Amino acid sequence: MRKLIVSTSNMGKLREIQKYLASLPWQLQLKPKELEIEETGATFMENACLKASLVAKATGEWAIADDSGLMVDALDGAPGLYSARYGKTDKERIERLLRELGETENRKAQFICAVAIARSDGSIALQIEGICHGEITHQERGEGGFGYDPIFYVPTQQQTFAEMKPELKSKLSHRGKAFEKLIPQLRSLAAIG
Ligand code: IMP
């Protein structure tokens with residue numbers, strides 16, 4: 001079975017990726033802890049490619065990496081690449097976003113997830129993006145999920161990500177959509193050997 005190194009030190013992310021890729025003949029493994037990668041790309045995709053490529057080269061194995069964040073139209077795409085660094089905690093990040101948006105009428109936003117797969121020599125074999133469109137609420141709603149989930153409302157479901165059952169969020173989310181597109185392509189790659 002071919003090995004695929006997951007370019008994260010986060011067990012939660014490994015488990016999530018494991019779930020998405022469960023039907024495929026790839027053995028997933030966390031990247032070595034000492035391998036720190038700075039996210040210096042100008043886009044989510046550049047960061048995903050950078051992480052996958054560096055981990056592949058360092059380990060001599062195929063690698064997968066993702067990068068994601070929230071873009072709010074009325075804030076010119078912020079927090080965007082800085083989604084994780086917009087405040088010290090999820091609570092502070094949400095408070096800052098709601099404060100900066102104020103009573104702005106245009107609440108449109110999208111979550112983006114870029115996923116890249118690198119071959120063992122660091123070259124990029126696949127890159128795919130998933131987008132989930134929604135709106136920013138005026139207050140937090142729901143207890144589930146993580147990050148900006150309590151303020152990200154999906155009109156087709158009339159629920160925030162934090163109000164959804166995890167299976168529904170996994171299907172509709174930016175990450176779910178990216179992996180849905182990725183799986184048939186990864187399956188073809190595995191078949192080629
Ligand atoms: P990263 O892809 O782990 O770098 O995530 C970037 C940041 O985007 C996270 O720290 C969260 O703040 C935010 N984010 C990404 N995906 C989600 C999501 O599904 N729900 C809520 N916040 C998210």
Side-chain angles (χ1 to χ4, degrees), residues 5-20 28 30-31 33 35-55 63-72 75 77-101 107-117 127-137 139-154 156-157 159-180 182:
I5 312 295
V6 182
S7 176
T8 181
S9 321
N10 181 332
M11 278 303 291
K13 206 172 232 183
L14 175 72
R15 271 195 293 271
E16 200 170 302
I17 294 181
Q18 247 161 354
K19 240 187 252 168
Y20 284 124
L28 300 188
L30 270 185
K31 79 164 171 66
K33 265 211 182 75
L35 202 60
E36 290 289 342
I37 302 152
E38 250 190 280
E39 297 185 0
T40 52
T43 61
F44 294 112
M45 191 54 83
E46 271 183 39
N47 278 336
C49 289
L50 193 88
K51 289 190 272 185
S53 184
L54 279 176
V55 169
I64 182 168
D66 79 332
D67 196 36
S68 59
L70 177 64
M71 300 184 78
V72 179
L75 299 179
L81 286 176
Y82 301 98
S83 294
R85 292 164 271 171
Y86 212 47
K88 285 198 213 101
T89 60
D90 280 344
K91 186 170 177 287
E92 282 184 22
R93 288 187 272 273
I94 286 179
E95 279 170 5
R96 176 171 173 195
L97 203 152
L98 290 180
R99 194 171 56 245
E100 290 186 357
L101 204 50
R107 317 290 296 186
K108 286 204 181 91
Q110 41 274 320
F111 265 122
I112 316 269
C113 176
V115 184
I117 306 253
Q127 41 182 312
I128 287 218
E129 198 170 79
I131 300 183
C132 181
H133 295 279
E135 291 165 15
I136 302 299
T137 54
Q139 287 121 30
E140 294 183 42
R141 283 174 46 173
E143 305 292 330
F146 70 98
Y148 299 93
D149 282 354
I151 56 166
F152 189 78
Y153 177 79
V154 180
T156 53
Q157 305 299 317
Q159 281 182 319
T160 64
F161 268 174
E163 291 174 313
M164 287 180 195
K165 294 220 167 84
E167 310 80 64
L168 181 61
K169 184 196 161 186
S170 300
K171 210 170 96 190
L172 296 178
S173 76
H174 46 311
R175 210 164 289 107
K177 287 186 178 151
F179 276 91
E180 194 183 15
L182 188 80

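Because the structure is predicted, anything quoted here is derived from the model rather than measured. In listed order, ligands and their atoms are each counted from 1. The figures that follow rest on heavy atoms only: side chains count, while hydrogens, waters and symmetry mates do not.
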Using only atom types and a distance under 3.5 Å, with no angle test, would you say the side chain of [X] pairs donor to acceptor with the backbone of [Y]?
| X | Y | value |
| --- | --- | --- |
| Thr160 | Gly142 | no |
| Arg93 | Arg85 | no |
| Lys31 | Ser9 | no |

**Prompt:** When you look for protein heavy atoms under 4.0 Å from ligand 1, which residues do they belong to?
**Reply:**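 Residues Lys13, Asp67, Ser68, Gly69, Ser83, Ala84, Phe111, Phe146, Gly147, Tyr148, Asp149, Lys169, His174, Arg175 each place a heavy atom under 4.0 Å from ligand 1, listed by chain and number.
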
**Prompt:** Do NZ/NE/NH1/NH2 and the carboxylate oxygens of Lys91 and Glu95 come within less than 4.0 Å?
**Reply:**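 Here Lys91 pairs with Glu95 in a salt bridge, since their nearest N and O are under 4.0 Å apart.
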
**Item:** From OG1 (Thr89) to OH (Tyr86), nearest 0.5 Å
**Value:**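 Thr89 OG1 to Tyr86 OH: 14.0 Å, rounded to 0.5 Å.
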
**Request:** Please state whether the rings of Phe111 and Phe161 are parallel, tilted or perpendicular, taking 30° and 60° as the class boundaries.
**Result:**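 Rings of Phe111 and Phe161: parallel, as their planes differ by under 30°.
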
